[in-house]
Amino acid sequence: MKVKHIASAILLAAITAACGGTQNNASQGLALKDVVADQFLMGTAINVRQAAGLDTSATNIVKKHFNAIVAENCMKMEEVQPEEGRFTFNDADNFVKFGEENGLTMTGHVLIWHSQCPDWFCVDKNGKNVSPEVLKQRMKTHITTVVQHFKGKLKGWDVVNEAILEDGSYRKSKFYEILGEEFIPLAFQYAHEADSTIELYYNDYGMDNPGRREGVVKLIRSLKEKGLRIDAVGMQGHMGMDYPKIEEFEKSMLAFAQEGVKVMITEWDMSALPTVSRTANISDTVAFQKALNPYPNELPDSVSQAWNARMKQFFNLFEKHADIVDRVTAWGVSDGDSWKNGFPIRGRKDYPLLFDRNYQPKPWVKEVIEEAEANSQK
Ligand code: 9MR
């Protein structure tokens, strides 16, 4: 099945070339999305400049190699409702237009998240927490307005993001403080009421962690017990050279699938830099620059090889479980776009994505494309 599809992709590329069509090929016309066409959607996050068509080097890559997109920032709560009742959809509408023009499957990110939530959302004019009734009403208005605005355009929504901690308990966000555990089922309920056709996802990071795995499994069960719709769990997939352990990541994929939902790798990237704790006490010294930002010019071959091998290992894992994986989405197009250059500390040069700063595919991407081409000719 897969070989058949790849063969037709090659044939199509040949016909396009023979007819004088242009091919922006990484490797003889076959693209990353073709390699996995019978397995899962191959997605990428795009930023507002890309959505507005202001970064054609990046959008050419998107058009060629990906068949799914998600908005990196412009559908978040503070972007679409910065003040109560004032909804601003310009950037998000550009995103949808770009997706429609290029036939891309689109995911909404995100309806309820403690971060990038506008200041007004959970408090009154005096800064005090609003009552449960007021917060429910605000959530309902936000979710209903946003979901209905994009009705018919998106495949699914990340309904709630990052609500479960590593010990499996709930993050003590304002939503939790005011509504307790109920805020999650309420968000799923409101989203479904706004559009009964749309897929609904729970999304979180550090999903390899056994405690969070258990917490998310419990959450899926409780949503299902309440008769609520949940289609998939998004495993963000922000990785480093020393985390996560591939076996633990795989266990979580299987544990979620066991609960009857699909798995999505929603925000894939892998830092090539030394792992730094977010809370590390770092001063901007020469020693810091050398130790924590060790590759300000380029990635040394040895590190690049290790990084590529590890990325390919995870990619192979996603392929191995293609029966449960619905989508794999990179968190940005090329290295220069990545949030990792500024996190957990600013001013580092990182190399976490599938395309480099010159918009070239990384070696492992070329390899999987070439392997697919070779297989299709056997
Ligand atoms: O990549 C996003 C970055 O540009 C924003 O500044 C940041 C703000 O919190 O959010 C980043 O995306 C996050 C995503 O929405 C949710 N999971 C973690 C991602 C990285 O922080």
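Ligands are counted one by one from 1 in listed order, and the atoms in each one are counted from 1 as well.
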Apply the hydrophobic cluster definition, ILVMFWY joined by side-chain contacts under 4.5 Å directly or through others, and give me every member besides L299.
L273, Y295, V303, Y351

Residue from W331, F318, F314 passing ring pair (Phe, Tyr, Trp, His ring centres under 6.0 Å) with W268:
F318

Results of side chain to side chain donor-acceptor pair (under 3.5 Å) for E79 - residues two or more places apart only
none

For residues 177-192, tabulate all N or O donor-acceptor pairs below 3.5 Å that involve a side-chain atom, not counting sequence neighbours.
residue: E177; atom: OE1; partner: N129; partner atom: ND2; Å: 2.7
residue: Q189; atom: NE2; partner: E193; partner atom: OE2; Å: 3.0

Anything with a heavy atom under 4.0 Å from ligand 1 counts, so go ahead and list those protein residues by chain and number.
E72, N73, K76, H109, W113, S115, Q116, N161, E162, Q236, H238, E267, W331, W339

Identify the two heavy atoms, one from D195 and one from K151, that lie closest to each other, and give their separation to 0.1 Å.
OD2-CG, 3.5 Å

With H238 as partner, the option from Y205, W339, F343 fulfilling ring pair (Phe, Tyr, Trp, His ring centres under 6.0 Å) is W339

